There are 2 protein chains.
Amino acid sequence: MGTVEDGTSKSPGYCGDTDGDYDVLQWDTREDCEVRQILDRIADKWSLLVIALLDRRSLRFTELRRMIDGISQRMLTRTLRHLERDGLVSRTVHPTVPPRVDYELTPLGATLHTTIRALVTWTEDHQGQIAAARAAFDRRAAAEQEAAVREAAERDAIARDVLPVRR
Amino acid sequence: MGTVEDGTSKSPGYCGDTDGDYDVLQWDTREDCEVRQILDRIADKWSLLVIALLDRRSLRFTELRRMIDGISQRMLTRTLRHLERDGLVSRTVHPTVPPRVDYELTPLGATLHTTIRALVTWTEDHQGQIAAARAAFDRRAAAEQEAAVREAAERDAIARDVLPVRR
DNA sequence: CGGAATCCGCCACGATACTG
DNA sequence: CAGTATCGTGGCGGATTCCG
């Protein structure tokens, strides 16, 4: 099994709970801050997917594996373990043969599901605007670069014209 | 400048927009899916912080740098460029000397800010429950492992007792 | 001050093989 | 079927340097 592979057990360190309006300024300075760790965990590549998929009905390991498709068994296992450890997903092993394991959201996980769906929905709703913004940005960048190149070439031409032949 | 460093310019590929209730099953299969890319982008380590910090008032580069503290100038620059490209943050250069650059949320970025705050708030509100869940999980795991070790030791003792002395 | 460019360590992730 | 174990690698992210 080796090491625990996670440093969360170092210290409690609540890192200052909401005293003013926005304590955002603080949940980054200390890397042992719980909020940062949790945020990094649930906002990671696969956790979002798993939580989003685990709505209402429970799913088997292989079902999740097929649904996510890009994921490796290793990553799915790790992700599910983390979510289980955080109390967001429950793991039920049916002692049959072949074995069958079901995963489902805990009540806590269900509350997070709502928020995550909101994030996903926002992304779906605004992907058009973002795509447009990217296109515009890239166009501007390309134009700028081309202008810079032309300008340099022009300077070069003038220099060649004015300066005496080196040697 | 080198390559664009991002493969998003490959193809439009909307990957099927909400036809049924949940099209979650689809925004993962094709890795050229826009939603996945956008999600990975805004959910990354620093973007969440920057967007959360950029509420109402605009901030200078160095202000952000000091606030986030753990971040390197390289990462802050990259993050801000990405957000600018996605149309979430606007970049204003004041032609003074020394130069001064202000960043602020665009209207689009402001809408995302709301959702992100919701996520952060959820995390702040439930960090206690999560910490408790982790502690319980770790305790169970430790107990299981200890049980396994004891069991193995017991089997070993029996084996030593029953089996004839080898050689 | 606000970047761009370069170098590089390291570990997160994927592919593969093996177990119960 | 549902994992664990092991190894190899890409690329993320930090440190440093130079520029306008």
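Model, not experiment: these values are computed from the prediction. Within every chain, numbering begins at 1; the chains are lettered A, B, ... in the order of the sequence lines, protein sequences first and strands thereafter.
We find that NE2 of A:H82 is positioned 14 Å from P of D:dG3, with the value rounded to whole Å. In this structure, A:F61 atom CZ and D:dG3 atom P are separated by 5 Å, rounded to whole Å. Per the geometry, CZ belonging to A:R66 stands 11 Å off C1' belonging to D:dC1, to the nearest Å. Between the CG atom of A:D69 and the P atom of C:dA15 there is a distance of 11 Å, given to the nearest Å. Summarising the geometry, the separation between CG on A:L64 and C1' on D:dG3 is reported as 14 Å, rounded to the nearest angstrom. Nucleotide C:dC1 holds its C1' atom 13 Å from the CG atom of B:L76, rounded to whole Å. When the P atom of D:dT4 is taken as reference, atom CG of A:L80 falls 11 Å away, rounded to whole Å.
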Identify the pairs formed between an N or O of the protein and an N or O of nucleotides 8-15 of chain D at a distance under 3.5 Å, and give each distance.
| residue | atom | partner | partner atom | Å |
| --- | --- | --- | --- | --- |
| D:dG13 | N7 | B:R74 | NH2 | 3.3 |
| D:dG14 | OP2 | B:S72 | OG | 3.1 |
| D:dG14 | O6 | B:R74 | NE | 3.3 |

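For B:V101, counting side-chain heavy atoms from C-beta on, the closest listed nucleotide (C:dG3, C:dC1, D:dG3) is C:dG3. Considering only side-chain atoms of B:P98, the nucleotide from D:dG3, C:dG20, C:dC1 that sits closest is C:dC1.
Scanning for side-chain hydrogen bond (donor to acceptor under 3.5 Å, both in side chains) contacts around A:S47 gives A:D44, with sequence neighbours left out. The side-chain hydrogen bond (donor to acceptor under 3.5 Å, both in side chains) check on B:R91 picks up B:Y103, with sequence neighbours excluded. Considering only residues two or more places apart in sequence or on other chains, A:D125 meets the side chain to side chain contact (heavy atoms under 4.5 Å, CB included) condition with A:T121. The side chain to side chain contact (heavy atoms under 4.5 Å, CB included) search around A:S58 returns A:D102, A:E104, not counting sequence neighbours.
A:R65 comes within contact range of no nucleotide atom at all, as no heavy-atom separation falls under 4.0 Å.
Annotation: the span from A:Q37 atom CD to A:D86 atom CG amounts to 10.0 Å, rounded to 0.5 Å.
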Quiz prompt | Step-by-step side chain to side chain contact (heavy atoms under 4.5 Å, CB included) determination, B:L83 to B:I51 | solution = CA-CA 9 Å; B:L83 295 177; B:I51 294 178; 4.1 Å; yes

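Sorted by first then second residue, the ring-ring contact (aromatic ring centres under 6.0 Å, His included) pairs that include residues 124-147 of chain B, not counting sequence neighbours, are B:W122-B:H126.
The side chain of A:R91 contributes an N or O atom lying less than 4.0 Å from OP1 or OP2 of D:dG3.
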